[in-house]
Amino acid sequence: MRKILRCAIVFLLIAASGAQAHADRDQFLELARKGWVYQLRSAMTRPGVTPPVIRINSQDMAGAALCIVGEPPHPQTRRVLDAFSGLVAEIFNKPMPMRFGGTDLAACGTGRIVYLRLYSGLIPHRAFNNDLRRIDRVFDIGLPHDREQFILSPAQAQTFFGRNGRATHLLVKQPLLVPLSQLEQRFFASILIEELYQSFTFGIDILHFDRNSAFVSKLEEFPINLRHIPWDSPIFMQGLLQSNPAGLCRFDVFMLHALALAPVEQTNTEAFLQFIEGRFDDLMLRAEGTIAQADHAPILDQHCRTSE
């Protein structure tokens, strides 16, 4: 009888494991569809000018340099940048060089560059628009010359497709002082991780309306109204941290592996989803091995990793 019971328990455990794996597969494929399969159209057109061809493939970002302008990285910012750089370099098998360009994008040089402007005090409206004007001149984006763009959140990222290539610009608020409270540490890490991840993967926001279900991805967003609340206030920081995970989840690392290995010309297509479905078990094993490494801990969200 005991042997029969043991066999029954083992069978139930295997069945439960299989059911969980099937649920993970369905959930991951649905999130991948929502976050990566989309059509991108330019909102900027000029009469008589052929718009640039827009091609979305995250493998194009592998090996791109990160040029930091504005303020030098705060120690907290540096930890996040080092961890993200290490994660991307490991998965895509190409280094992500980082350099400081001072106050002007011109010092960043040429080549495949992601621009990151850091600030900690007043909103750098003039510097931000100067950045965009230079990007427009170099890459021939077609930005309106008679219109200023405004900074509407403490961290934001924009990727431009121009006639002379693609350019990505990040603007991220960082801490001003040390030491930091636990709330400040989580907040400033969270906003930087999100912009870096979205910029390097071309993933888009995924609305998450069920407050009672755990977050599975950094791309998920629970709508919270934080308008007119100062960005440095604890209320704003707590509110933003409640809107999505503070770091990358297992799904996000899984997607990095998928993006690095997919033999497709564009990653915003059904062909990319088919690749994920066919290689799901292998990609999951790769993701589990990656998140087990201590070097990546500063940018991973422990809660969403264990609640899935």
Side-chain angles (χ1 to χ4, degrees), residues 28 31 35-36 58 61-68 72-98 114 116-118 153-157 168 170-175 178 180-206 208 214-221 237 240-260 283-284 286-308:
F28 279 28
L31 285 172
W36 276 271
S58 295
M61 300 296 284
L66 184 69
C67 185
I68 303 164
H74 183 279
Q76 156 92 7
T77 304
R78 188 75 204 195
R79 283 192 293 273
V80 171
L81 291 174
D82 287 343
F84 186 83
S85 173
L87 178 67
V88 170
E90 175 188 318
I91 293 177
F92 286 85
N93 199 30
K94 289 184 179 180
M96 191 184 91
M98 288 189 290
V114 174
L116 169 61
R117 177 168 290 278
L118 296 172
S153 67
Q156 58 188 56
T168 297
L170 286 69
L171 178 76
V172 181
K173 186 176 178 64
Q174 66 169 354
V178 290
L180 302 176
S181 68
Q182 186 175 16
L183 174 62
E184 290 171 326
Q185 290 178 33
R186 294 181 67 239
F187 171 76
F188 286 111
S190 176
I191 60 176
L192 178 56
I193 292 168
E194 181 170 357
E195 301 309 329
L196 287 169
Y197 184 75
Q198 288 197 290
S199 296
F200 276 84
T201 66
F202 292 105
I204 60 175
D205 290 339
I206 302 171
H208 180 110
F215 288 114
V216 182
S217 171
K218 182 62 174 165
L219 294 185
E220 292 185 284
E221 295 279 352
M237 293 184 185
L240 204 63
L241 285 169
Q242 290 172 4
S243 69
N244 72 355
L248 302 181
C249 299
R250 180 176 58 159
F251 167 79
D252 301 317
V253 178
F254 171 94
M255 287 303 298
L256 283 173
H257 281 286
L259 292 163
L283 294 171
M284 185 66 84
R286 291 173 183 268
E288 295 287 1
T290 298
I291 63 178
Q293 299 178 43
D295 290 348
H296 306 318
I299 57 174
L300 299 177
D301 187 308
Q302 300 290 336
H303 177 70
C304 67
R305 280 175 55 195
T306 57
S307 63
E308 292 167 356

Could you pull out all residues at least two apart from H208 that satisfy ring-ring contact (aromatic ring centres under 6.0 Å, His included)? F215
Taking only residues two or more places apart in sequence or in another chain, which ones pass ring-ring contact (aromatic ring centres under 6.0 Å, His included) with F92? none
Got a donor-acceptor contact below 3.5 angstrom from the [X] side chain to the [Y] backbone?
X	Y	answer
E184	M237	no
S85	M96	yes
N244	K218	yes
D82	R79	no
D301	C249	no
Q76	Q185	yes

Check whether any side-chain heavy atom of [X] sits under 4.5 Å from a side-chain heavy atom of [Y], and report yes or no.
X	Y	answer
Y197	M255	yes
M61	V88	no
F200	L259	no
I68	P73	yes
V216	F28	yes
L196	I299	no

Closest heavy-atom contact between G203 and L219? CA-CD1, 4.0 Å
Search all heavy atoms of L170 against all heavy atoms of S199 and return the closest pair with its distance. CD1-OG, 3.5 Å
Under the salt bridge (Lys or Arg N to Asp or Glu O under 4.0 Å) test, which residues partner R117, sequence neighbours left out? D131
Could you give me the CA-CA distance, side-chain angles and deciding distance for H296 and T290, then say whether side chain to side chain contact (heavy atoms under 4.5 Å, CB included) is met? CA-CA 8 Å; H296 306 318; T290 298; 3.6 Å; yes
